[in-house]
Amino acid sequence: CASCVKGDIDFNGAIDVLDVVLVIAFILQTSIPDENQLCPSDWNSDNAIDILDIVAIVECILNECWSPIDADGNSYPSITIGGQKWMAANLKTTHYNNGDPISTGYNNIEWAELSDGAYTIYPPDNDAAAQSTCGGDCSDIYGHLYNGYIIADDRRVCPIGWHVPSVPEWQQLIDYFGGSSIAGGELKSTGTIEGEDGLWYSPNSGATNESGLTTLPGGYRSFTGEYP
């Protein structure tokens, strides 16, 4: 099966004014859509590219309705919190935005000796309880863990129009929910592995997910290659 991202006619991972220009050109027949552009141009799927599609795309732009899309074509939910817009799922792309593959598959020693971007999948094989929550695809649940070299790489990994949040941006989010002493509970998902109603180990006390961000226990991999 295949699908398309409605409105993203130039396939740049966002719905913007350039897409509107293309639809107008198609309607005026100053440009002819190729086979791949037909589906995203026909927003309302009525087998016609017309003014109704322009109206729908403009409305989407004004309401920021599109989802960020990475280099692998993965689409992510997003949420607006206190004037900031955040992806509401962890990144899981395996490619830089220019199409180059991101390396992976390193053991602890190799990870520690890296001098270029890389990713790994969490949880590690020895975490049986966490593995049991993945349904066979931990990448889909938790996303990927990327090393620090990824951030400085000009090829970038965040969907077009998005970026790795800065420390001040994180602090703004924390402050919006009352500071570091209580913000964690309002930002993370509820439930526990033991209670079979969540992904955190018990007790996960204080978790309310009031933010709607649904932060998951995605872990981290240290510079030594270990998963603490």
Side-chain angles (χ1 to χ4, degrees), residues 5 13-15 59-70 72 74-93 119-124 126-148 150-152 156-223 226-228:
V5 178
I15 301 173
E59 182 178 4
C60 174
I61 294 172
L62 293 176
N63 291 286
E64 297 185 346
C65 73
W66 68 90
S67 297
I69 302 171
D70 67 25
D72 288 349
N74 298 307
S75 178
Y76 300 87
S78 62
I79 186 171
T80 300
I81 302 174
Q84 295 177 301
K85 199 166 185 68
W86 294 84
M87 280 173 45
N90 291 330
L91 189 69
K92 57 183 179 182
T93 186
Y119 78 89
T120 187
I121 297 176
Y122 173 89
N126 61 1
D127 191 339
Q131 281 281 1
S132 68
T133 68
C134 295
D137 190 353
C138 290
S139 172
D140 187 56
I141 300 296
Y142 295 105
H144 294 164
L145 296 178
Y146 300 89
N147 67 4
I150 287 284
I151 299 175
R156 304 189 182 280
V157 292
C158 289
I160 293 174
W162 294 73
H163 64 274
V164 176
S166 63
V167 172
E169 287 171 327
W170 277 113
Q171 191 61 53
Q172 181 180 339
L173 178 67
I174 292 170
D175 291 344
Y176 184 81
F177 287 103
S180 58
S181 62
I182 62 173
E186 299 185 5
L187 292 169
K188 67 178 180 176
S189 61
T190 59
T192 64
I193 292 175
E194 293 84 352
E196 299 183 353
D197 60 350
L199 300 175
W200 293 86
Y201 284 115
S202 181
N204 196 22
S205 56
T208 65
N209 195 30
E210 182 179 329
S211 65
L213 192 61
T214 318
T215 305
L216 302 178
Y220 71 98
R221 191 173 191 182
S222 73
F223 68 92
E226 298 177 346
Y227 300 89

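Hydrogens, waters and symmetry mates play no part in the numbers below; they use all other heavy atoms, side chains included. Model, not experiment: these values are computed from the prediction.
Tested against Lys92, the residues Asp137, Asp140, Asp72 include a single side chain to side chain donor-acceptor pair (under 3.5 Å) partner, Asp140.
The heavy-atom pair separating Pro68 from Trp162 by the smallest distance is CB-NE1, 3.3 Å. Between Leu199 and Leu216, the closest heavy-atom pair is CD1-CD2, 3.7 Å. Looking at every heavy atom in both residues, Arg221 comes nearest to Leu145 through N-CD1, 3.8 Å. Nearest heavy atom pair, residue Tyr76 against residue Asn90, reads CE2-O, 3.3 Å. Closest approach of Thr93 and Asp70 over heavy atoms only: CB-OD2, 3.5 Å. Here the shortest heavy-atom pairing between Ala183 and Ile174 reads CB-O, 3.7 Å.
Side-chain contact check for Asn209 versus Lys188: every heavy-atom pair is 4.5 Å or farther apart. When side chains are defined from C-beta on, Met87 counts as touching Pro159, because their heavy atoms get closer than 4.5 Å. With a 4.5 Å cut-off on side-chain heavy atoms, Cys134 and Pro123 count as touching.
Under the side chain to side chain contact (heavy atoms under 4.5 Å, CB included) criterion, Thr192 pairs with Glu194, Asp197, Ser202, Asn204, not counting sequence neighbours.
With values rounded to the nearest 0.5 angstrom, Cys138 atom SG is found 8.0 Å from Ile121 atom CD1. The structure places CH2 of Trp170 at 9.5 Å from CD of Gln84, a figure rounded to the nearest 0.5 Å. Note that CD1 of Ile15 is 11.5 Å distant from CD of Glu59, once rounded to the nearest 0.5 Å. A distance of 11.5 Å separates CG in Asn147 from OG in Ser222, rounded to the nearest 0.5 Å. Considering CG of Leu213 and CZ of Phe177, their distance stands at 8.0 Å, rounded to 0.5 Å. Taking CD1 of Ile151 as the start and OH of Tyr146 as the end, the distance is 12.0 Å to the nearest 0.5 Å.
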- prompt: After noting the C-alpha distance and the side-chain angles of Val164 and Ile150, does the key distance pass the side chain to side chain contact (heavy atoms under 4.5 Å, CB included) rule?
  reply: CA-CA 10 Å; Val164 176; Ile150 287 284; 5.9 Å; no

message: Determine whether Ser211 and Trp86 satisfy the following criterion, side chain to side chain contact (heavy atoms under 4.5 Å, CB included), listing intermediate values before the conclusion.
response: CA-CA 11 Å; Ser211 65; Trp86 294 84; over 6 Å; no

message: Set out, in order, the CA-CA distance, both residues' side-chain angles and the distance that settles side chain to side chain contact (heavy atoms under 4.5 Å, CB included) for Thr120 and His144, then state yes or no.
response: CA-CA 6 Å; Thr120 187; His144 294 164; over 6 Å; no

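Judged by distance alone, the side chains of Tyr142 and Thr133 do bring a donor and an acceptor atom under 3.5 Å apart.
Around OH of Tyr227, the count of heavy atoms belonging to other residues, nucleotides or ligands within 6.0 Å exceeds 12.
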